[in-house]
**Q** 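The structure's right below; bear with me while I get my questions together.
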Amino acid sequence: MTQKVGIAGIGHAKFGKRTDATLRELAHEAVTRALEDAKINVKDIDASVIGVACEEFAAQVSPAVLVHDYVGMGNKPVFRAEAACATGSAAIQAAWSLVKAGLADVVLVVGAETMTHLGTLKATDVIARAGDTRWEYPFGTTFPSFYAMMANAHMHQYGTTREQLSMVSVKNHMYGAMNPYAHIQKAITLEEAMKSSMICYPLNLYDCCLISDGAAAVVLANEEKAKKISDTPIWLTGLGAASDTMMISERETLTELRATKIAVEKAYGMAGITSREVDVAVVHDCFTIAEIMAYEDLGFCKKGKGGKFIEEKQSYIGGKTPVNTDGGLKSKGHPLGATGVSMTIEITKQLRGEAGKRQVNGAEIGLSHNVGQIGQYCFVHIYSR
Amino acid sequence: MTQKVGIAGIGHAKFGKRTDATLRELAHEAVTRALEDAKINVKDIDASVIGVACEEFAAQVSPAVLVHDYVGMGNKPVFRAEAACATGSAAIQAAWSLVKAGLADVVLVVGAETMTHLGTLKATDVIARAGDTRWEYPFGTTFPSFYAMMANAHMHQYGTTREQLSMVSVKNHMYGAMNPYAHIQKAITLEEAMKSSMICYPLNLYDCCLISDGAAAVVLANEEKAKKISDTPIWLTGLGAASDTMMISERETLTELRATKIAVEKAYGMAGITSREVDVAVVHDCFTIAEIMAYEDLGFCKKGKGGKFIEEKQSYIGGKTPVNTDGGLKSKGHPLGATGVSMTIEITKQLRGEAGKRQVNGAEIGLSHNVGQIGQYCFVHIYSR
Amino acid sequence: MKFGYVSCLPETPLITRFVEELNNGRLMGTKCEKCGAKYLPPRAHCKCGSADIKWYEAPRRGKILTYTPVVVPPESMSKYAPYMVAVVKLEDKTRLLAQLTGVTLNMLRVGMLVQVITRRVGADRIAYEFKLV
Amino acid sequence: MKFGYVSCLPETPLITRFVEELNNGRLMGTKCEKCGAKYLPPRAHCKCGSADIKWYEAPRRGKILTYTPVVVPPESMSKYAPYMVAVVKLEDKTRLLAQLTGVTLNMLRVGMLVQVITRRVGADRIAYEFKLV
Ligand SMILES: [Zn+2]
Ligand SMILES: [Zn+2]
């Protein structure tokens, strides 16, 4: 029972506007690749954890078995995880627990979401209802508006600039252009980013992640099985999770996500590392301000210095802590359930040394950070070779 | 890590048409009672698992934190479980895993659902969309229709009668009348049951569970903490889970739930018992035919003899295996997320010897059986003193 | 042309093709070229994992495995209720769920022979359904 | 009378009472008699677990903590867009989110003084909102 839990296979579906597939077919694309990567058959899996964030996006109430059944898991146990935008990471933690608790040796984790079919206004409405429907939604709040309010507070308190926000977008689009699974594979200039149309001041179009369809899958296994299946298992050595108030107005500060600070402290403690030892990180950049707050809350820089951190290119490969080398939610896309699983895939690739042009040389320790709602959920995972 | 996991506190909200409370307030009612029962403060809890089945019933996308935050869990980790009608039991298994995996010592499990506010036709529509929305829902299938088709197949194959179906209802209403938390606390006669209005032949009104609002909460803890908190901890010694095809037409047989057979075999194996040793059981009687199939699939009687089993009163207190001593979903109500947690509460009460007029004398081993959708989910738990 | 009496999923190439064939009087399933598994309704992939899928025309005759009349429908189906749904085993042993029309409850027995026909629903919808032979 | 511009939750005694008071010009929060915690908007129970709750009238003045204009609204709010939302810290340190009206973006700064007023929305809806003082 002191066995480690490792990642033995990864598979990523193409993110984008996927009019060719519904949820089950997208999931199949990711699962097929994960099984190929692990060189195992679906019969070798003991159970699945399916991360789908929203029944309305899935056009299916209780959507998990749709995926579990379609990919051929049959009568095996299935669990659904849901944690809004952090659904994928909640699924990873649930699967880790199943393995660690001894209920399964090998677990298939699938994150998937289909969002584009609803259109922007309707999708915005659905996501808005992840805010408190009694006291916030009735005023017309949207998720961009929550993060825009945090951005305004951060700019006011720390002098963070709109240019610094745009710099996050430029970086993530640069890396996204190198990621064949990304929704938008196109580098942008700072000027393009700055001049795009306003969504919620200070956030413009290029400060906001995309509405995408997508899926991602990983195979988690206990130490014995992970070593048997994979030549390069990657170990999940630290897990942290935390929550926060449902209403933004109850937060004592609007310039940090307290859930991130608590979750990462737990994850570092469990893995026995500090922020300095992180070689590569994927963080929750649903909006550019979220990535800047993540730099600070994860300890990559001091509170209030996040704007400076990107301005000095400390989050580029070659900087202090490379962040979102896969393009992030910003350019890769953010199909809610798939995002956390996709994060795990990027870190696994980096630690395996398989990230190609985006490779952080010699990366040994990685971190993923996934936020649900506006910090009502935060999951942080530490990975090592 | 070889520690057992035990139930250290239980709290049940009144099930019914609860126009006085929304989801968060219903959950609070159950949690307050669970903390009082455990004689602990919310501060003593490490994490929560919230079972809410459906965002449309909750009128809230990503509904778990609404509950977690409202009951005062603050920044602690929160996980949502969802498995349709088996959501509550999925939450129990998730919490069990968290404890067993060492991620938490004491976990609060809350199951809650508000359904009555949508009205019968709309609620029927929402639940119908838990069937395959590509290939079944477009024909107008409903959950009563799925179980009615299984009932017709069972009657054809084994000679099960409408009278036997009604006998299940009579038993469950008799026990429900003794349960102060039940939605309908009223005994009925066999004649009343047989003559109620037809919903889906052969199922009439009294063959179908109610649409209810409700919540239930339990405190799960590792062995050390459970013994510290409770004088009468009840141990969860066996867990089983299984799945089945999304579409009813893909099932090889329509007279059993294969997921039940697989899940219970695992649970018996893990607990080291056989069906004969079960002193008291709560089973998923969303429709009377479901309870009859459960008798058979759980091994309480031979396949096809479920009708005889109730006719001979073998599932009454004093019979071979007393079933649904709390009134079952039939008379207690079936607020989806709350149901599985409520099942755990009834077995805990029975094994503690606190079930009052409904007490099975000297009950030492209990079983709960919770089905999601039409057997796409099945969770079986074995409990002992 | 959309599938079924009501629907909430977006169209995809699979369903578009299926509906087109149905509109031309053909009930099409898919068969896995790798393991031979047959699926009706069709799937884009096999449960064995293979994407090597071929369309085939399904038999139109079968036997009733079970049935039930829906009296209380989903809200979206209010205007069609009451109606009968059934699961049928076709001659090649695939099984299909659909509405069963032109019948009353007391006419029906498990094992009765039915055929699968194309059903137009209003101007822009199509489905398959069962009729007693 | 319903709460807010749009709503999807059923009414309960708590919200009915709150709306009634708001309609009479009073902004009411709740206070826990056990631990003293104040909640605005109101709650039926305290986070400390207590149900021993008393209503109190909240102060109507506060300072802007943050704000943003919503240009792309949820579908249900289309007819109201664009609009400004803000979080305000009231004089007793409780914090409230609402729309902020009668302003343009370039007028606004964090720290500006506002007052909370009652806002009728059509014939059957009511909300609170902020106005610059
Ligand atoms: Zn095949
Ligand atoms: Zn208090």
Side-chain angles (χ1 to χ4, degrees), chain A residues 1-2 22 24 47-48 53-56 58-62 64-66 68-70 73-84 90 93-94 96-103 126-130 132-134 239-247 250 258-259 262-263 372-373 376-377, chain B residues 1-2 22 24 47-48 53-56 58-62 64-66 68-70 73-84 90 93-94 96-103 126-130 132-134 239-247 250 258-259 262-263 372-373 376-377:
Chain A
M1 229 32 122
T2 54
T22 57
R24 60 189 102 184
S48 79
C54 177
E55 65 194 40
E56 206 162 336
Q60 175 73 50
V61 171
S62 200
V65 178
L66 206 66
H68 177 85
D69 180 37
Y70 193 79
M73 286 290 293
N75 293 108
K76 288 168 184 170
V78 52
F79 295 86
R80 178 189 172 199
E82 184 274 304
Q93 291 214 2
W96 188 96
S97 299
L98 285 177
V99 172
K100 195 77 178 175
L103 288 180
V126 172
I127 301 171
R129 275 183 273 118
D132 190 316
T133 54
R134 172 61 91 209
L239 302 179
S243 184
D244 209 335
T245 64
M246 193 69 192
M247 291 190 292
E250 278 205 90
R258 196 189 280 183
I262 295 171
Q373 297 168 314
Q376 282 92 316
Y377 287 103
Chain B
M1 228 33 124
T2 53
T22 57
R24 58 189 104 184
S48 80
C54 176
E55 64 195 40
E56 206 162 335
Q60 175 72 50
V61 170
S62 200
V65 180
L66 205 66
H68 177 85
D69 180 36
Y70 193 78
M73 286 291 292
N75 293 107
K76 288 166 183 170
V78 51
F79 295 86
R80 178 188 172 200
E82 184 274 304
Q93 291 214 1
W96 188 95
S97 299
L98 285 177
V99 171
K100 195 78 179 175
L103 288 180
V126 172
I127 300 171
R129 274 183 273 120
D132 191 316
T133 54
R134 173 61 91 210
L239 301 180
S243 185
D244 209 334
T245 63
M246 194 68 191
M247 291 190 292
E250 279 205 272
R258 195 189 281 185
I262 296 171
Q373 298 167 315
Q376 283 92 318
Y377 287 103

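To find a chain, count down the sequence lines: A is the first, B the second, and so on, and within it residues start at 1.
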**Q** Please flag which part of B/Ile127 lies under 4.5 Å from any non-hydrogen atom of chain A: side chain, backbone, both or neither.
**A**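 No part of B/Ile127 comes within 4.5 Å of chain A.
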
**Q** Mind ranking B/Gly240, B/Ser48, B/Cys54 by heavy-atom pairs under 4.5 Å with chain A and telling me who comes out on top?
**A**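 So the answer, after comparing B/Gly240, B/Ser48, B/Cys54, is B/Cys54.
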
**Q** Can you tell which of B/Ala94, B/Ala59, B/Ala58 has the highest number of heavy-atom pairs within less than 4.5 Å of chain A?
**A**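 Among B/Ala94, B/Ala59, B/Ala58, the one with the most close pairs to chain A is B/Ala59.
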
**Q** Provide the closest heavy-atom pair for B/Ala241 versus A/Phe79 in the form atom of the first, atom of the second, distance.
**A**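 Residues B/Ala241 and A/Phe79, closest heavy atoms: CB-CZ, 4.4 Å.
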
**Q** Please classify the contact between B/Glu55 and chain A as side chain, backbone, both or neither, with a heavy-atom cut-off of under 4.5 Å.
**A**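 Both parts, backbone and side chain.
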
**Q** Pick from B/Pro77, B/Gly372, B/Ala47: which one has the most heavy-atom pairs with chain A under 4.5 Å?
**A**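 The candidate making the most pairs under 4.5 Å is B/Pro77.
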
**Q** Under a 4.5 Å cutoff for heavy-atom pairs, which residue among B/His68, B/Met73, B/Gln373 has the most contacts with chain A?
**A**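 Highest number of pairs under 4.5 Å: B/Gln373.
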
**Q** Which atoms of B/Ala83 are under 4.5 Å from chain A, going by heavy atoms: the side chain, the backbone, both sets, or neither?
**A**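 For B/Ala83, the backbone is the part near chain A, not the side chain.
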
**Q** Against chain B, work out which of A/Leu239, A/Val126, A/Leu66 has the most heavy-atom pairs shorter than 4.5 Å and name it.
**A**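 Top option by heavy-atom pairs under 4.5 Å: A/Leu66.
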
**Q** Closest approach of B/Ser97 and A/Leu103, non-hydrogen atoms and distance?
**A**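 So the minimum-distance heavy-atom pair works out to OG-CD1, 3.5 Å.
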
**Q** Could you tell me whether the side chain of A/Asn75 and the main chain of B/Ser243 form a donor-acceptor pair under 3.5 Å?
**A**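 Confirmed, A/Asn75 side chain pairs with B/Ser243 backbone.
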
**Q** Mind listing the closest non-hydrogen atom pair of B/Met246 and B/Ala130 along with its distance?
**A**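 Reported closest heavy-atom pair: CE-O, 3.5 Å.
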
**Q** Looking at B/Arg129, B/Gln376, B/Gln60, which one has more heavy-atom pairs under 4.5 Å with chain A than the rest?
**A**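 Heavy-atom pairs under 4.5 Å are most numerous for B/Gln60.
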
**Q** Given that the side chain runs from C-beta out, which part of A/Ala53 has a heavy atom under 4.5 Å from chain B: side chain, backbone, both or neither?
**A**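 Only the backbone of A/Ala53 comes within 4.5 Å of chain B.
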
**Q** Measure A/Arg24 against the heavy atoms of chain B and call it side chain, backbone, both or neither at under 4.5 Å.
**A**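 The side chain, not the backbone.
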
**Q** Name the region of B/Ile262, side chain, backbone, both or neither, that has any atom closer than 4.5 Å to a heavy atom of chain A.
**A**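 Side chain only.
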
**Q** Answer with side chain, backbone, both or neither: which region of B/Glu250 has an atom nearer than 4.5 Å to a non-hydrogen atom of chain A?
**A**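 The answer is the side chain of B/Glu250.
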
**Q** Which atoms form the tightest heavy-atom contact between A/Tyr377 and A/Glu82, and what is the distance?
**A**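 Smallest heavy-atom distance, with atoms named: OH-O, 3.9 Å.
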
